[in-house]
Asks: 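Quick one: this structure, given as structure tokens, is what I'll be asking you about.
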Amino acid sequence: MDSTTTTQAPITTIAEVGRHEGETVTLRGWLYNLRESGKLLFPIFRDGSGLIQGVVAKNAVSPEIFDAVKGLTQESSVIVGGKVRADKRAPGGYELDVGNVQVLQRVSEADPYPITPKEHGVDFLMEHRHLWLRSPRQAAILRVRAEIIKAARGFFDERGFTLTDPPILTPAACEGTTTLFPVDYFEEQAYLTQSGQLYIEATAMALGKVYSFGPTFRAEKSKTRRHLTEFWMVEPEVAYATLDDLMDLAEGLISFLVKRCLERRRADLEIIGRDVSKLEKIAPPFPRITYDDAVKMLQEGHAKGAVENRFEWGGDLGSPDETYLSSQFEKPVMVHRYPATVKAFYMEPDPRRPELALCVDVLAPEGYGEIIGGSQRMASYDLLVKRIREHNLPESAFKWYLDLRKYGSVPHGGFGMGIERAVAWICGLEHVRETIPFPRMLHRLYP
RNA sequence: UCCUCAGUAGCUCAAUGGCAGAGCAUCCGGCUGUUAACCGGAGGGUUGUAGGUUCGAGUCCUACCUGAGGAGCCA
């Protein structure tokens with residue numbers, strides 16, 4: 001017998017235990033909790049796929065087995081053999097009549113597992129993030145995150161997009177240096193990327209339809225439930241795309257992600273406590289409003305007392321403004337054509353009203369705010385040079401970027417979707433810190 | 001960077017300026033269907049740090065440290 005089995009019984013997982021009703025199986029995992037009632041023990045096991053309660057009756061097992069379970073400590077690693085039995089009292093529908101237990105490593109009671117099945121504060125949990133991940137809710141969130149990432153990649157792969165990875169180390173600031181993490185690159189100043197967009201504009205000119213999926217770094221001292229200093233973005237970029245094409249693409253992507261999660265991760269959404277009826281409404285078409293419309297809505301909201309400050313045309317939408325706008329719809333709302341002055345230098349002006357940029361922000365419902373930001377990119381060489389100078393950006397660093405407008409420039413555009421914000425919305429979480437295994441935030445670099 | 005709030009047992013929290021406590025966790029004992037099990041008992045404290053006011057400070061004052069929520073900025 002090797003070290004990973006204790007019986008001849010087939011190894012299975014808690015998630016698949018239903019296929020083995022009435023059979024004896026082997027489960028490999030950890031002790032989640034233990035309840036005792038004299039000569040009856042109720043150990044709850046977890047194995048990463050779910051939870052199952054075991055039953056150990058003193059008169060049904062050897063004294064060695066009974067005593068091994070009786071004193072067992074939380075999160076001790078165990079290999080358990082037992083018979084699967086359907087039971088209406090069990091939350092998962094099945095229980096395990098334990099016949100055999102092998103303890104791989106017993107957690108010392110002198111230094112017990114710190115996270116008990118009781119309440120804990122955020123700071124304590126974040127300090128123990130490496131262990132917090134073992135709790136059923138956190139594991140469920142990570143499974144939803146993985147599903148969203150898989151679905152996003154599948155969405156683009158099946159539509160003829162090519163994955164092109166932009167660099168993470170970049171030579172110069174794209175949009176100003178204040179938000180970048182500096183890195184020493186062989187005694188030269190480099191920065192961690194804050195967006196792969198400029199680079200995938202180049203790959204889009206080579207391959208037509210491309211996307212990137214990777215980490216992004218922002219050194220902003222933001223301290224809110226929507227911000228991480230290190231987060232993941234999926235960014236499509238499409239040659240010959242117009243703003244309307246981009247809105248169609250964003251709408252299709254978001255709808256697909258939600259549908260996939262409802263199809264494949266419904267049980268996890270229920271563990272998390274998500275009201276899935278709100279997600280079931282997410283399907284095209286999404287409402288599309290102009291920035292002008294948004295300003296009107298915000299001013300009406302202010303008149304009704306629902307928005308604190310009166311919003312004036314020309315400013316960027318603040319977080320409370322986005323929350324109000326998104327709360328007016330049951331689906332994500334796409335706000336397009338902002339004033340060019342509040343947006344990035346590379347956005348294409350609206351030919352009918354050059355003071356506007358051909359851009360779109362997608363605001364998730366239920367107050368989640370912006371999850372996508374995108375635009376049609378500036379195609380004219382001369383105008384782009386003018387904008388770079390107006391923004392006091394180092395022209396030499398953008399020489400390669402300007403080349404894209406010199407050699408066969410075409411209308412094109414793309415957008416970026418923040419994975420963590422999308423996960424937070426789909427899971428209905430209070431804070432993005434739970435959407436990534438090890439969040440990096442202003443005051444959090446450990447563990 | 002600014003605004004607000006909070007730091008008391010391993011954890012979650014009480015304590016009118018007057019003896020520093022409870023639940024959970026840990027240890028000991030009890031219980032054959034428990035569901036954050038329950039019942040009885042035990043151990044566990046430099047009240048974030050440094051000053052100050054006071055007969056007396058966990059409590060009031062000042063500074064600092066740490067964290068949380070929000071603003072700005074963004075995805």
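These numbers come from a predicted model, not from an experiment. Lettering follows sequence order; numbering is per chain, from 1.
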Asks: For the pair A/Glu75 and A/Arg46, find out whether any cationic side-chain nitrogen is under 4.0 Å from an anionic carboxylate oxygen.
Replies: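 Yes, this pair counts.
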
Asks: Say you pick atom P in B/rA63 and the same atom in B/rG21; how far apart are they, in whole Å?
Replies: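 33 Å, rounded to whole Å.
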
Asks: Can you tell which of B/rC31, B/rC74, B/rU12 lies closest to the side chain of A/Glu322?
Replies: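 Nucleotide nearest to A/Glu322's side chain: B/rC74.
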
Asks: Taking 5.5 Å and 30° as the limits, would you call A/His120 and the base of B/rU12 a stacked pair?
Replies: no

Asks: Go through the side-chain N and O atoms of A/Ser49 and A/Asp47 and say whether any donor and acceptor fall under 3.5 Å apart.
Replies: yes

Asks: Take the protein atom CZ of A/Arg226 and the nucleotide atom P of B/rC74, then report the distance between them rounded to whole Å.
Replies: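 Roughly 12 Å, once rounded to whole Å.
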
Asks: A/Glu95: which residues meet the side-chain hydrogen bond (donor to acceptor under 3.5 Å, both in side chains) condition with it, sequence neighbours left out?
Replies: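 So A/Glu95 forms a side-chain hydrogen bond (donor to acceptor under 3.5 Å, both in side chains) with A/Gln53, A/Arg85.
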
Asks: Tell me whether the rings of A/Trp313 and A/Tyr291 are parallel (<30°), tilted (30 to 60°) or perpendicular (>60°).
Replies: perpendicular

Asks: Tell me if the aromatic rings of A/Tyr346 and A/Phe398 count as close, with their centers under 6.0 Å from one another.
Replies: no

Asks: Between protein and nucleic acid, restricted to nucleotides 66-69 of chain B and to nitrogen or oxygen atoms under 3.5 Å apart, what atom pairs and distances do you find?
Replies:
{"residue": "B/rA68", "atom": "N7", "partner": "A/Lys223", "partner atom": "NZ", "Å": "3.0"}
{"residue": "B/rG69", "atom": "OP1", "partner": "A/His431", "partner atom": "NE2", "Å": "3.2"}
{"residue": "B/rG69", "atom": "OP1", "partner": "A/Arg433", "partner atom": "NH1", "Å": "2.7"}
{"residue": "B/rG69", "atom": "OP1", "partner": "A/Arg433", "partner atom": "NH2", "Å": "3.2"}
{"residue": "B/rG69", "atom": "O3'", "partner": "A/Arg225", "partner atom": "NH2", "Å": "3.2"}

Asks: Any side-chain N or O of A/Arg137 below 4.0 angstrom from OP1/OP2 of B/rA36?
Replies: no

Asks: Using the C1' atom in both, what is the distance from B/rA57 to B/rU4, to the nearest Å?
Replies: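 Rounded to whole Å, the distance is 25 Å.
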
Asks: Using heavy atoms to find the nearest nucleotide of RNA chain B for A/Asp87 and A/Val432 separately, return the residue whose nucleotide is more 5′.
Replies: A/Asp87

Asks: Answer yes or no for this row: A/Phe42 ring on B/rG33 base, centroids under 5.5 Å, planes under 30°.
Replies: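 Whether judged by distance or by angle, A/Phe42 falls short somewhere, so it does not stack on the base of B/rG33.
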
Asks: Can a side chain N or O of A/Ser222 be found less than 4.0 Å away from OP1 or OP2 on B/rC74?
Replies: no

Asks: Please determine, for the side chain of A/Arg35, which listed nucleotide (B/rG33, B/rG72, B/rU34) has the closest atom?
Replies: B/rU34

Asks: Can you figure out which of B/rG72, B/rA75, B/rU34 approaches the side chain of A/Glu220 most closely?
Replies: B/rG72

Asks: Using whole Å, report how far NZ of A/Lys343 lies from P of B/rC74.
Replies: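 So the two atoms are 7 Å apart, to the nearest Å.
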
Asks: Is any side-chain N of the basic residue among A/Arg337 and A/Asp293 closer than 4.0 Å to the acidic one's carboxylate O?
Replies: no

Asks: Suppose we define a pair by two distances each less than 3.5 Å, Watson-Crick or G-U wobble; what does B/rA20 pair with here?
Replies: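 Its partner: none found.
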
Asks: Just by distance, do the side chain of A/Ser222 and the backbone of A/Thr224 share a donor-acceptor pair under 3.5 Å?
Replies: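 Side chain of A/Ser222 to backbone of A/Thr224: no pair is present.
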
Asks: Under 30°, 30 to 60°, or over 60°: which ring-plane class applies to A/Phe155 and A/Phe256, parallel, tilted or perpendicular?
Replies: tilted

Asks: Measure the distance from CD on A/Glu420 to P on B/rC74 and round it to the nearest whole Å.
Replies: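 Whole-Å distance recorded here is 19 Å.
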
Asks: Roughly how many Å is it from CG in A/Asp111 to P in B/rG44, rounded to a whole number?
Replies: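 Whole-Å distance recorded here is 19 Å.
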
Asks: Could you check how far CD of A/Glu36 sits from P of B/rA36, rounded to whole Å?
Replies: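 Rounded to whole Å, this separation is 17 Å.
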
Asks: Sort out the partner of B/rG56 for me: Watson-Crick or G-U wobble, both distances under 3.5 Å, none otherwise.
Replies: none

Asks: What integer number of Å spans the C1' atoms of B/rA75 and B/rG7?
Replies: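 To the nearest whole Å, 33 Å.
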
Asks: Considering every strand and a 4.0 Å limit on heavy-atom distances, what is the contact class for A/Asn59: base, sugar-phosphate, or nothing?
Replies: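 If one applies the 4.0 Å heavy-atom cut-off, A/Asn59 turns out to touch a base.
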
Asks: Give a yes-or-no answer on whether the side chains of A/Gln197 and A/Glu237 include a donor-acceptor pair shorter than 3.5 Å.
Replies: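 No, no side-chain donor-acceptor contact under 3.5 Å.
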
Asks: Can you tell me, in whole Å, how much space there is between the C1' of B/rG10 and that of B/rG51?
Replies: 30 Å

Asks: With respect to the side chain of A/Lys39, which nucleotide from B/rG33, B/rU32, B/rU12 is positioned closest?
Replies: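 Between B/rG33, B/rU32, B/rU12, the one nearest the side chain of A/Lys39 would be B/rU32.
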
Asks: Name the pairs: protein N/O against N/O of nucleotides 20-27 of chain B, kept only if under 3.5 Å.
Replies:
{"residue": "B/rC27", "atom": "OP1", "partner": "A/Glu109", "partner atom": "OE1", "Å": "3.0"}

Asks: Taking the C1' atom of each, how far is B/rC13 from B/rG45, in whole Å?
Replies: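 Nearest-Å result for B/rC13 against B/rG45 at atom C1': 15 Å.
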
Asks: Could you check how far CD1 of A/Ile44 sits from C1' of B/rU34, rounded to whole Å?
Replies: 9 Å

Asks: Atom CD1 of A/Ile52 and atom P of B/rU34: how far apart are they, to the nearest Å?
Replies: 18 Å

Asks: Quick one: CD1 on A/Ile436 to CH2 on A/Trp232, what's the gap to the nearest 0.5 Å?
Replies: 7.5 Å

Asks: Looking at A/Lys296, I want to see if its NZ is surrounded by more than 12 non-hydrogen atoms of other residues, nucleotides or ligands under 6.0 Å.
Replies: no

Asks: Nearest whole Å is fine: how far is B/rA75 P from A/Trp232 CH2?
Replies: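 Computing the A/Trp232:CH2 to B/rA75:P distance gives 18 Å.
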
Asks: Could a donor-acceptor pair under 3.5 angstrom be found where the side chain of A/Gln53 meets the base of B/rU34?
Replies: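 Between B/rU34 and A/Gln53, which were checked side chain against base, a qualifying N/O pair under 3.5 Å is present.
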
Asks: Heavy-atom nearest nucleotide on RNA chain B for A/Pro320 versus A/Phe231: which residue maps closer to 5'?
Replies: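 Here A/Pro320 is the residue nearer the 5' end.
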
Asks: Looking only at side-chain atoms of A/Asp316, point me to the closest of B/rA36, B/rA75, B/rC74.
Replies: B/rC74

